[in-house]
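Chain identifiers are assigned alphabetically (A, B, ...) following the order of the sequence lines, protein sequences preceding nucleic acid strands; residue numbering begins at 1 within each chain.
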Amino acid sequence: MENLMITCISKPPVIIPTKHDNLSEFSQPPTKLSFTYTKNTNNPKITDNHVKYLARSGRLAEAVAALDSIALSGSQVRPNTFISLLQACIDFGSLDLGRKLHARIHLVKESDPFVETKLVSMYAKCGSFADARKVFDEMSQKNLYTWSAMIGAYSRLSRWKEVVELFFLMMEDGVLPDEFLFPRILQACANCGDVRTGRLLHSLVIRLGMVCYTRVSNSVLAVYAKCGKLRSARRFFDYMNERDRVTWNSMLLAYCQKSENDEAYKLFNGMWGEGIEPCIVSWNILINSYNQLGRCDVALGLMKEMESSRVSPDVFTWTSMISGLAQNGRRWQALFLFKEMLLAGIKPNGVTITSAVSACASLKVLKLGLEIHSIALRMGITDNVLVGNSLIDMYAKCGELEAARQVFDMIEEKDVYTWNSMIAGYCQAGYCGKAYELFIKMQESDVKPNVITWNTMISGYIQNGDEDRAMDLFQQIEQDGKIRRNTASWNALIAGYVQLGAIDKAFGVFRQMQSCSISPNSVTILSILPGCANLIATKKTLMQSQMRKLGLKPNRGTFLSIILAHSIAKMVDEGKQIFSSISDNYDIIPAIEHYSAMIDLYGRSGRLGEAMEFIEDMPIEPDSSVWTSLLTASRIHKDIALAVLAGERSLDLEPGNIVVNQLMYQIYSLCGKLDDSSKVRKLEKESTLRRSLGHSWIEVRNKKLQEVLQELGT
DNA sequence: GGAACTACGT
């Protein structure tokens with residue numbers, strides 16, 4: 001028996017990029033306004049106008065000083081002056097001076113609702129939301145503008161539910177929205193899926209005669225469109241007597257939301273006839289919709305078509321395409337597109353970075369992940385929690401828990417994703433204790449665990465062999481009545497037991513679940529399938545009868561699981577048959593995962609020759625998962641393993657991929673090729689240490705990128 | 001006013 005001891009490469013800890021890396025290559029950050037205080041002795045008579053002049057010029061400190069001398073001279077400061085000063089604080093983003101002004105406004109006996117409203121805006125726009133709310137709550141008299149300022153602040157933070165709540169409070173207060181506030185509230189309804197309030201607003205809009213404002217009508221339409229109320233949307237669309245391109249775009253979205261792409265496309269083509277030319281947003285809605293249906297090639301075609309009609313793809317187009325490809329298993333293509341986007345001179349934003357980083361996370365390519373992190377920092381895309389969350393996930397999935405933790409600690413306003421990503425990271429690495437520690441901390445924080453947090457902990461414990469704790473948590477979920485177990489909670493237990501080889505227990509949970517009248521979903525079936533690998537007949541019955549009964553359509557994941565089940569059962573020929581039936585019968589194009597599962601299938605049965613032939617015939621470029629499967633299978637066949645490694649493709653493919661590197665290292669060590677194994681080790685070290693763009697993965701392939709990045713960075 | 005998005009389970 002061969003000694004298959006797993007040897008890990010000892011590598012230096014990853015140092016995550018910082019904002020200050022390579023800063024000298026770029027232009028300096030914008031200089032902060034410097035406040036110089038000069039006593040104005042020459043002009044003892046300072047007027048309100050003088051204060052306003054100073055405020056408009058950004059000389060805020062001087063303006064406040066001037067204000068004080070007016071007060072000292074015994075004159076009244078006009079409310080307008082305060083308003084101008086507060087506006088200046090907003091324009092120059094100076095919270096400090098805003099606070100100083102607040103203190104002075106307090107001294108004035110009669111409060112002025114206009115000044116107080118401006119104060120609310122100032123705090124909200126300068127980033128002190130708590131103060132804004134405090135001033136707002138303490139105001140005795142609120143007018144439409146006050147409510148608008150507060151609602152505006154909540155919408156900027158995407159706190160839609162609170163916007164809706166404020167709307168109801170406002171109505172109680174006897175204030176009605178105007179044509180500017182209606183769209184904001186309607187937008188909030190659309191974004192939190194509150195159709196009920198949407199309909200209420202709809203009737204209010206009609207009663208108040210606001211339908212004549214296209215802006216307002218468009219927002220009503222958008223509520224129906226976004227919430228998937230196609231019929232209501234169409235009815236309202238037909239009722240509107242003035243339609244602009246925003247109207248048409250919302251209608252386009254309404255169809256796309258219900259996956260009625262053909263209808264959407266018809267509408268799109270019909271726009272010209274109505275004298276409306278589709279704009280970039282129209283294309284983006286369509287492109288995104290095809291991406292969400294997994295028809296990325298149609299989306300790519302539309303993007304080409306767009307370019308040939310002299311409309312340049314914008315950041316939305318690129319982002320939609322990148323995330324579409326990534327979510328449909330074409331992650332490398334997504335990353336190449338990300339590079340192309342940079343080369344096209346389009347600056348990514350937080351959403352783009354999030355999508356790209358998450359593709360790196362799934363591929364476990366630390367090197368690229370680091371690089372994109374560094375690009376984001378250079379471009380100043382750091383304020384987005386989403387970016388941070390995806391980075392935590394990426395570092396954790398690449399096994400760099402320390403780096404993940406560093407990002408975690410740096411995020412000031414952690415949301416539920418932040419906590420869940422870090423907890424999942426610890427769980428997946430087997431550090432359930434650390435995960436539990438965070439789980440407790442999270443309960444003490446402002447962000448409370450949700451059902452996903454609980455599910456993560458449950459699957460963490462059970463996957464690491466601690467059935468009892470997993471069960472305890474499973475029982476505890478519904479204890480305080482706030483969180484309900486969902487199908488995934490049951491799936492976590494089932495998948496865990498299957499992985500522990502406790503098939504009976506898995507089936508026990510499966511049956512218990514049904515007796516609690518929880519319907520299994522495709523993931524449930526998917527999780528239980530590998531457990532049935534040795535009982536292929538059972539598996540088939542399960543798959544066919546259960547899925548049909550539940551009205552579930554087999555998808556990519558189902559087939560992946562079936563192939564893997566055959567692989568475990570070493571049923572190569574039947575697995576081959578199933579693989580070729582995927583595209584014939586179900587209109588599903590096999591993704592890279594299916595190909596690597598096939599390699600697994602051949603590999604486990606020792607049919608490595610066929611595996612290699614299969615790779616040769618692949619219509620898509622094999623990626624690290626394919627090589628990993630092949631290398632894993634060939635560890636017991638030294639000669640084949642070495643042959644694979646000698647092939648130029650595998651070595652050069654993804655220099656940053658840890659899994660491939662570790663396997664290479666293992667194989668070389670096992671074969672006694674110590675020179676080669678140390679070479680791999682050295683490469684790995686270098687790849688983690690080199691993270692400046694000068695040696696980057698992207699850059700090596702295109703020198704031009706450096707220049708583009710410089711332009712975008714400024 | 002209209003468009004892109006991260007965490008559990010494969």
Side-chain angles (χ1 to χ4, degrees), chain A residues 179-180 182-184 186-187 190 213-223 225-226 244-254 256 279-289 291-292 314-324 326-327 329 348-358 361 384-394 396-397 415-425 427-428 450-460 463 486-496 521-527 529-530 555-561 564 593 597:
Chain A
E179 72 269 26
F180 298 104
F182 261 118
R184 283 209 177 286
L186 284 159
Q187 184 196 35
Y213 295 103
T214 316
R215 234 165 212 266
V216 176
S217 286
N218 281 342
S219 310
V220 173
L221 180 61
V223 174
K226 273 198 204 169
D244 60 10
R245 58 179 192 186
V246 177
T247 321
W248 284 83
N249 287 341
S250 291
M251 200 55 230
L252 210 55
L253 182 72
C256 290
C279 62
I280 179 107
V281 178
S282 327
W283 290 97
N284 286 345
I285 292 171
L286 273 181
I287 287 176
N288 187 48
S289 168
N291 275 325
Q292 278 175 354
D314 66 1
V315 62
F316 281 88
T317 324
W318 287 99
T319 307
S320 177
M321 225 36 256
I322 291 167
S323 72
Q327 274 162 19
N349 61 22
V351 181
T352 326
I353 299 291
T354 303
S355 306
V357 170
S358 113
N384 196 323
V385 199
L386 254 75
V387 173
N389 295 349
S390 61
L391 284 168
I392 294 174
D393 183 45
M394 185 274 293
K397 291 224 166 87
D415 66 8
V416 68
Y417 286 85
T418 319
W419 289 92
N420 286 355
S421 304
M422 195 63 233
I423 289 175
C427 281
Q428 279 151 14
N450 62 7
V451 68
I452 293 177
T453 325
W454 286 87
N455 294 349
T456 309
M457 284 304 307
I458 292 169
S459 80
Q463 306 267 346
N486 63 11
T487 318
S489 323
W490 294 88
N491 293 348
L493 283 182
I494 294 174
N521 61 13
S522 52
V523 179
T524 321
I525 310 288
L526 223 103
S527 314
L529 272 177
N555 60 14
R556 285 209 168 90
T558 321
F559 284 110
L560 183 61
S561 171
L564 288 173
E593 287 93 342

Between the side chains of A:N420 and A:N450, is a donor N or O closer than 3.5 angstrom to an acceptor N or O? yes
Examine the side chains of A:N486 and A:N455 and answer whether a donor and an acceptor come within less than 3.5 Å of each other. yes
Under 4.0 Å: is that the gap between some side-chain N or O of A:Q463 and OP1 or OP2 of B:dC8?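 So the side-chain polar atoms of A:Q463 never come under 4.0 Å of the phosphate oxygens OP1 or OP2 of B:dC8.
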Give a yes/no answer on whether the side chain of A:S459 brings an N or O atom under 4.0 Å of OP1 or OP2 in B:dC8. no
Check every atom of [options] against the side chain of [X] and return the nucleotide holding the closest atom.
X: A:N349; options: B:dG2, B:dA3, B:dA4; result: B:dA4
X: A:N450; options: B:dT6, B:dG1, B:dA7; result: B:dA7
X: A:Q428; options: B:dG1, B:dA3, B:dG9; result: B:dG9
X: A:T456; options: B:dT6, B:dC8, B:dA3; result: B:dC8
X: A:V416; options: B:dG9, B:dG2, B:dA7; result: B:dA7
X: A:K226; options: B:dG1, B:dG2, B:dA7; result: B:dG2
X: A:N420; options: B:dA4, B:dG1, B:dA7; result: B:dA7
X: A:S320; options: B:dG2, B:dG1, B:dA4; result: B:dA4
X: A:N284; options: B:dA7, B:dA3, B:dG1; result: B:dA3
X: A:T354; options: B:dT6, B:dG2, B:dA7; result: B:dT6

Atom pair [atom1] ([X]) and [atom2] ([Y]), whose distance is rounded to the nearest 0.5 Å:
X: A:T317; Y: A:L286; atom1: OG1; atom2: CG; result: 11.5 Å
X: A:D314; Y: A:T319; atom1: CG; atom2: OG1; result: 8.0 Å
X: A:T352; Y: A:W318; atom1: OG1; atom2: CH2; result: 11.0 Å
X: A:I458; Y: A:W454; atom1: CD1; atom2: CH2; result: 8.0 Å

When we call it a touch if two heavy atoms are under 4.0 Å apart, what does [X] touch: a base, just sugar-phosphate, or nothing?
X: A:E179; value: nothing
X: A:Q187; value: sugar-phosphate
X: A:N491; value: nothing
X: A:T319; value: base
X: A:D314; value: base
X: A:N291; value: nothing
X: A:C279; value: base
X: A:A492; value: nothing

Euclidean distance, atom [atom1] of residue [X] to atom [atom2] of [N] [Å, nearest integer]:
X: A:I287; N: B:dG2; atom1: CD1; atom2: P; result: 19 Å
X: A:D393; N: B:dC8; atom1: CG; atom2: P; result: 6 Å
X: A:I423; N: B:dC8; atom1: CD1; atom2: P; result: 12 Å
X: A:I322; N: B:dT6; atom1: CD1; atom2: C1'; result: 15 Å
X: A:L221; N: B:dA3; atom1: CG; atom2: P; result: 11 Å
X: A:N249; N: B:dA4; atom1: CG; atom2: P; result: 12 Å
X: A:I494; N: B:dC8; atom1: CD1; atom2: P; result: 19 Å
X: A:M394; N: B:dA7; atom1: CE; atom2: C1'; result: 15 Å

Does the base of B:dG1 carry an N or O that pairs as donor and acceptor with the side chain of A:D244 under 3.5 Å? yes
Keeping the roles fixed (side chain from A:N291, backbone from A:S320), state whether a donor-acceptor pair exists under 3.5 Å.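 Looks like yes, one N/O pair under 3.5 Å.
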